[in-house]
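Presented below is the structure to which this report refers.
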Amino acid sequence: MHEMLDTLAYYFTFPFVRNALIVGVLVSLCAALLGVVLVLRRLSFIGDGLSHVAFGAMAVATVMGLSNNMLLILPVTIICSIALMQRQRNKQVQGDAKIAMLSVGSLAAGYILFNRFPPKGGNVSGDVCTTLFGSTSILTLSQNEVWLSLILSIAVCLIYIVFYNIIFSLTFDEEFAASQGINTKAYNVFIATIIATVISLAMNLVGSLLISALLVFPVVSAMRVCKSFRGVVICSAVFSAVCAAGGIVISILLGTPVGATIVASDAIGFALFSLIGRLKGI
Amino acid sequence: MPDNTLLKAENLSIGYGGISLVEGVNFSVSNGDYLFILGENGSGKTTLMKTLLGLIPPIDGKISFEGGLKKYGIGYLPQQSAAQKNFPATVSEVVLSGTLRRGSGLFINKEKKKRALYNMQRLKIDNIKNHSYKELSGGQQQRVLLTRALCAADNMLLLDEPASGLDIFITKELYEIVDDLNKGGMTIIMISHDMSAAVKYAKSILHISKEPSFFSCVSDYKAFLETRKGEYAYA
């Protein structure tokens, strides 16, 4: 035990480890907040689709040798997010099939790009693995990326608090909100933009294949024990932050991949909350 | 006679994406009125309601709001969606969302809370205000949504088939509540395909269909049904 604490203390003397912890916790917290909206509106699969789009964009950015991948990933993901939300609202035929096609299409395109134009000095399978599972990238964040993640996460939290009542109204009953004169179209575009932003940020943390976990696990777990909307929002944010911190610490101690460990602790948390919910008889 | 018209539809055509479902709809609703909108499934009842609420634009014709009714001052009771039935929210959270446009600002203030509480007492759900919405029975859920609509309403309620999926006792109770609200001065527009309820509670009836829609008082409507005997059955 003592030895473990020593190891931790040693690791936390490095600024990049501290950065990883701060960014990891903040981004997970934001993902949980937006996950509430996605899960309750039955749009969780959009999060999954978008994460694959972000993978494709990441591949293009890497191949182009951009200094900051975010410059490309962010706008591409935002545009796709708005388009997908719009499509879902219009309930066009085969909307879900289109999401599936977009999702695997960008995954395939991204992989081809990585293979055909391998980044200088990199190895293909390593890069792909990093992008998909986020293995170590969170530990190699540049100072700029850390700031960007910090500012965006805090902005997302503030926006969520300010628009909390409108977010509830839109999530519970979009049509009623519109009947009260709330510009639901504009708010949907707004929410789609924020979701895309959080997904792009979470790419660094857990990689594109595991992002859905950050969106879905905290909310579904919170719903096992909380009855009110406010309760679910607060509980899932805390749940997600604790699991992220726990996952990062465990991955340092055991040398496991960061992203996968965070997701594993989310899964364990979910099992725990299900049990508590069952015992409480909710 | 003083004109106390609140809402007037003139030569209205409604539909989606430029294709009209129903054309030439004319009717008016005055203060304290109780209008039933009848019609078969797919005849355009819900489309008409969405047009009245300003959710979709009319294809042709005009809707005018008069006598103090504002465009978004109608309290709307939509049909429940499947996602709502399992939504984690307390009764008071749902009711409070009806006060969003009341007063200023995005936050819930005392004035909004007071309005919500007043309406919950009116519909006798203040004793369950901290209960979970998803654990309520269908009838109670409908009561909660009606309370939310009351919070949003200036002086008019629009109810979209509120009785669908409820058993006959709860349905009767719901109709009585709405009737009481109407007697208390609330103007009601109710979408329904329940002709017997319409004949019992309505002050005027709009029957929409592809043939010229019919709008009149209840006694004329009974006569109208006589002329089409066999086509429509009502108890």
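Order of the sequence lines fixes the chain letters, A, B, ..., with proteins taken first and strands second; residue numbering starts at 1 for each chain.
- Contact count against chain A (heavy-atom pairs under 4.5 Å) is highest for B:P88 among B:A89, B:S132, B:P88.
- Contact annotation: the side chain of B:Q79 never approaches that of A:E175 to less than 4.5 Å [non-hydrogen atoms, C-beta and beyond].
- Taking OG of B:S97 as the reference point, atom CG of A:L170 lies at 10.5 Å (rounded to 0.5 Å).
- Summarising the geometry, atom CD1 belonging to B:I108 is positioned 4.0 Å from atom CG belonging to A:N165; distances are rounded to the nearest 0.5 Å.
- Interface remark: A:V36 contributes no atoms to any contact with chain B (heavy atom separation under 4.5 Å).
- Side-chain atoms of A:Q180 do not come within 3.5 Å of backbone N or O of B:Y72 as any donor-acceptor pair.
- There is no contact between B:L52 and chain A, counting heavy-atom distances below 4.5 Å.
- When B:A152, B:G98, B:G54, B:G73 are compared by the number of non-hydrogen pairs under 4.5 Å with chain A, B:G98 comes out ahead.
- Around NZ of B:K45, the count of heavy atoms belonging to other residues, nucleotides or ligands within 6.0 Å exceeds 12.
- For a residue to count as touching a neighbouring chain, one of its non-hydrogen atoms must lie under 4.5 Å from one of that chain's; by this rule B:V91 does not touch chain A.
- The distance from the NZ atom of A:K227 to the NZ atom of B:K134 is 10.0 Å, given to the nearest 0.5 Å.
- Counting heavy-atom pairs closer than 4.5 Å to chain B, the top-ranked of the candidates A:L40, A:I166, A:V232 is A:L40.
- Proximity of a side-chain donor or acceptor of B:E93 to a complementary backbone N or O of A:R230 within less than 3.5 Å is detected.
- Taking CG from B:L55 and OG from A:S179, the interatomic distance works out to 6.5 Å, rounded to the nearest 0.5 Å.
- Considering CZ of A:F176 and CG of B:L77, their distance stands at 9.0 Å, rounded to 0.5 Å.
- When all heavy atoms are compared, the tightest approach of B:N86 to A:M223 is O-CE, 4.2 Å.
- The distance from atom CZ of A:F172 to atom CZ of B:R148, rounded to the nearest 0.5 Å, is 5.5 Å.
- Around OH of B:Y118, the count of heavy atoms belonging to other residues, nucleotides or ligands within 6.0 Å does not exceed 12.
- With contacts defined as side-chain heavy-atom distances shorter than 4.5 Å, the pair A:T171/B:F87 qualifies.
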